[in-house]
Amino acid sequence: MSSKPSIPKGTRDFSTEEMQRREYIFDTVRQVFRLYGYQPIETPAMENLSSLLGKYGDEGDKLLFRILNSGDYLSGVNDEELTGRDSSRMSSKICEKGLRYDLTVPFARYVVQHRDEIVFPFKRYQIQPVWRADRPQKGRYREFFQCDVDVIGSDSLLNEYELVKIIDEVFSRLRISVVIKINNRKILSGIAEYLGESSRITDITVAIDKLDKIGTDAVNEELRAKGLSDDSVKKLQPLLALEGSTPEKLSQLERILSESATGLKGIEEMRILFSYISNAGLKGKVELDLTLARGLNYYTGAIIEVKSVDVAIGSICGGGRYDNLTGVFGMDGVSGVGVSFGADRIYDVLNHLGLFKEMVMSSSEVLVINFGSAETAYSLSVVEELRKLSVNTELYPDAAKLKKQMSYADSKKIPWIIIAGDDEIKSNSLTIKNMSLGTQEKVSLGDLRTYAENNFRKSK
RNA sequence: GUGGAUGUAGUUCAGUUGGUUAGAACGUCGGAUUGUGGUUCCGAAGGUCGCCGGUUCGAACCCGGUCUUCCACCCCA
């Protein structure tokens, strides 16, 4: 015997119960996506490494799972390279494929590759696993599912608004209270411009993203450590301290960033978006959050992030506008915007909130007891009839003791049992037992249909 | 990738400064009850103490390595 079997770090098996819960999440998002007119696509688990590299920054490149070439993968490597121990150079020689890191970049590749078949604006959703060679933690896995909705080929801010509506709808259906945070890359660019540090926009945004977590002083310290002048740090302070309603914040910003055309454009975009939102009657909270800066560096307009109000687990949904993602695949001038729901974290939130407990997890509505070969034909006809009526029904496969069959039903939370043995067959009837009440009654075979319609599937 | 914790029946956890045969609860299975589950009673099975090595007369316990999970950074769904 070898040691116990196991699965790679950061990956998980899902039990039947977990899968029912997960499918509930997937079904919910899928229904909402469809409601807004989005259509599904899928792309392969692996992409050519050339499609993936350089899209997520240096950090992202490190987190890509690379797939070793098949066959004699060392044939193209000379001795010098082999002994050079340069991992990154080696990997580019021996790996030409990688596992997808997100769904957005493969989508961009898909759009470029299928441009002739696609009608724009193209609204698609995609629910598939992605892989990151991250160090796992709570709520961080190496294999996890994203549920992406994107619309590509339209600049309209109505798309951003629609995505906010979708987010609100999904989380209200899932009964998770959320706050939707929105920012705009152009405003962040404007701020960097205003500080005279345009080239350091990444350092600046990464630092101020941590404001919530580490506080103003630590952020300032980090900015200085990254090489920002004291003067710039000083100029940034009023921006970090902005208060008031969203329109008030935008007005103050407008004054401060009056010299930056990009910044003003961003402010204008936010004004329009929030004007849509203010009339939308959303259930969740939506706020402008200037410190929201994380996300991939391909965002160019709106940046969206959603957090659970009740459970601290990082963001459960995020996305934004990317003006030219398809450009890197040779197709310019196509703008897209989309968000991604993190199914695994949403699962953790629902679990933490106890919102799964009330879910009915029964595989079958009715279990027909198996008494043995003499009764099988009679039992099967009952099973068939119920299935014709769309009642989820199963026949216990073995003629086990009644006690065993009943505790099977009990542990699987099957609410109804049908007993059809000798006595019943003789009188052309069935004994139907309600497992939660413990009551049972005899029903003639001819009344089964009526009984089923009046009693079964009541929960749905 | 950096730093720090963790690992004992299926599950949650006990286990004395290193000392004989590693325990409990819950769960599972069997019986009390051969046509009645969820309650009760009785009984049983189930562990190479994550894995590999070292120290020791002797290791679940001490040391090293490794893997897992978790926490903080980095980054992110």
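Excluded from the calculations below are hydrogen atoms, water molecules and symmetry mates; all remaining heavy atoms, backbone and side chain alike, are included. Quick caveat: nothing in here was measured; it's all calculated off a predicted structure. Each chain gets a letter, A, B and so on, in the order the sequences are listed, and its residues count up from 1.
For B/U2 and B/A45, the P atoms lie 48 Å apart once the distance is rounded to whole Å. To the nearest whole angstrom, the two C1' atoms, one in B/G30 and one in B/C67, are 38 Å apart. Comparing B/U12 with B/U28, their C1' atoms are spaced 16 Å from each other, to the whole Å. For the P atoms, the distance from B/G4 to B/U8 is 22 Å, rounded to whole Å. Separating the P atom of B/C62 from that of B/G19 is a span of 11 Å, rounded to the nearest Å. Taking atom P in both B/C26 and B/G43, the straight-line distance is 14 Å, to the nearest Å. Taking the C1' atom of each, B/C57 and B/G27 are spaced 41 Å apart, rounded to whole Å. For B/A22 and B/G46, the C1' atoms lie 14 Å apart once the distance is rounded to whole Å.
Atom CE of A/M46 is surrounded by 12 or fewer heavy atoms from other residues, nucleotides or ligands within 6.0 Å. Within 6.0 Å of atom CZ in A/R387, more than 12 heavy atoms from other residues, nucleotides or ligands are found, so the atom counts as buried in its surroundings. Applying the 6.0 Å contact sphere to NZ of A/K285 captures no more than 12 heavy atoms from other residues, nucleotides or ligands.
Within the structure, every side-chain polar atom (N or O) of A/K413 is placed at least 4.0 Å from both OP1 and OP2 of B/G37. Contact annotation: A/K210 side-chain N/O to B/C74 OP1/OP2 distance is under 4.0 Å.
For B/U36, its base sits under 3.5 Å from the side chain of A/Q440 at one donor and acceptor pair at least. A donor and an acceptor atom never sit less than 3.5 Å apart when one is taken from the side chain of A/K403 and the other from the base of B/U33. Interface remark: the A/E59 side chain does not form any donor-acceptor pair with the B/G1 base, using a distance-only criterion of under 3.5 Å.
Residue A/D410 has its side chain nearest to B/G38 when only B/A77, B/C75, B/G38 are considered. Out of B/G37, B/C74, B/C76, the shortest distance to the side chain of A/M406 is found at B/G37. Listed nucleotides: B/C71, B/G35, B/G38. Nearest to the side chain of A/F371: B/G35. Comparing atom distances between the A/Q137 side chain and each of B/G3, B/C73, B/G35 picks out B/C73 as nearest. Considering only side-chain atoms of A/E222, the nucleotide from B/C74, B/A77, B/U68 that sits closest is B/C74. Residue A/Q146 has its side chain nearest to B/A77 when only B/C70, B/G3, B/A77 are considered. When each of B/U69, B/G3, B/G38 is scored by its nearest atom to the side-chain atoms of A/R135, the top-ranked nucleotide is B/G3. In the set B/U36, B/U69, B/C73, B/C73 carries the atom at the smallest distance from any side-chain atom of A/K213. The side chain of A/K401 lies closest to B/G31, out of B/G31, B/C75, B/U2.
Backbone-only engagement by A/I316 is indicated by non-hydrogen atom pairs under 4.0 Å involving sugar-phosphate atoms exclusively. A/G319 comes within 4.0 angstrom of nothing in the nucleic acid, heavy atoms only. A/Y141 comes within contact range of at least one nucleobase, with a heavy-atom separation under 4.0 Å. Residue A/G139 is in base contact, counting any heavy-atom pair closer than 4.0 Å across all strands shown. When heavy atoms are screened at a 4.0 angstrom cut-off, A/G438 is found touching base atoms of the nucleic acid. Counting any heavy atom pair closer than 4.0 Å across all strands shown, A/V130 reaches no nucleic acid atom. Counting non-hydrogen atoms under 4.0 angstrom, A/S340 reaches nothing in the nucleic acid. Residue contacts shown for A/E375 are absent, as no nucleic acid heavy atom lies under 4.0 Å away.
Place A/F144 and A/K138 on RNA chain B by their nearest nucleotides, and A/K138 ends up nearer the 5' end. Comparing A/G421 and A/S436 along RNA chain B, the residue whose closest nucleotide (by nearest heavy atom) sits nearer the 5' end is A/G421.
None of A/R12, A/R140, A/R21 except one satisfies the salt bridge (charged side-chain N to carboxylate O under 4.0 Å, His left out) rule with A/D344; the exception is A/R12.
Pairing for B/A24 is with B/U12, a Watson-Crick or G-U wobble pair whose two hydrogen-bonding atom distances lie under 3.5 Å. In this entry B/U17 has no Watson-Crick or G-U wobble partner, no candidate having both defining distances under 3.5 Å. Nucleotide B/G64 has B/C52 as its partner under the Watson-Crick or G-U criteria, with both atom distances under 3.5 Å. In this structure, B/C41 and B/G31 make a Watson-Crick or G-U wobble pair, each of the two defining distances being under 3.5 angstrom. Pairing for B/G47 is absent, judged as Watson-Crick or G-U wobble with the two contacts each under 3.5 Å.
Taking the ring axis of A/F107 as reference, the NZ or CZ atom of A/R124 stays within 45° of it and closer than 6.0 Å to the ring centre. Cation-pi geometry between A/R22 and A/F14 is met: the NZ or CZ atom falls under 6.0 Å from the ring centre, inside 45° of the normal.
If you take CZ of A/R142 and C1' of B/C75, they are 14 Å apart, rounded to a whole angstrom. Atom pair A/D422:CG and B/G35:P shows a separation of 10 Å (rounding to whole Å applied). Rounded to an integer number of Å, the gap from OH of A/Y298 to P of B/C76 is 10 Å. The distance from atom OH of A/Y56 to atom P of B/C76 is 13 Å, rounded to the nearest whole Å. The interatomic distance linking A/I313 (CD1) with B/C75 (P) rounds to 20 Å, in whole Å. Across the protein-nucleic acid pair, A/K62 atom NZ and B/U2 atom P stand 11 Å apart, rounded to whole Å. Straight-line distance from the CZ atom of A/R140 to the P atom of B/C74: 10 Å, rounded to whole Å. One can place CD1 of A/I303 at 16 Å from C1' of B/A77, the figure rounded to the nearest angstrom.
Both thresholds, 5.5 Å between centres and 30° between ring planes, are not jointly met by A/Y408 relative to the base of B/G37, so the two rings are not stacked.
Using the six-membered ring where Trp is involved, A/W416 and A/Y451 have ring planes that are perpendicular, over 60° apart on the 30 and 60° scheme.
With rounding to the nearest 0.5 Å, the separation of NZ in A/K55 from CZ in A/R109 is 11.5 Å.
Remark: the A/S335 side chain and the A/D323 side chain contain an N/O donor-acceptor pair separated by less than 3.5 Å.
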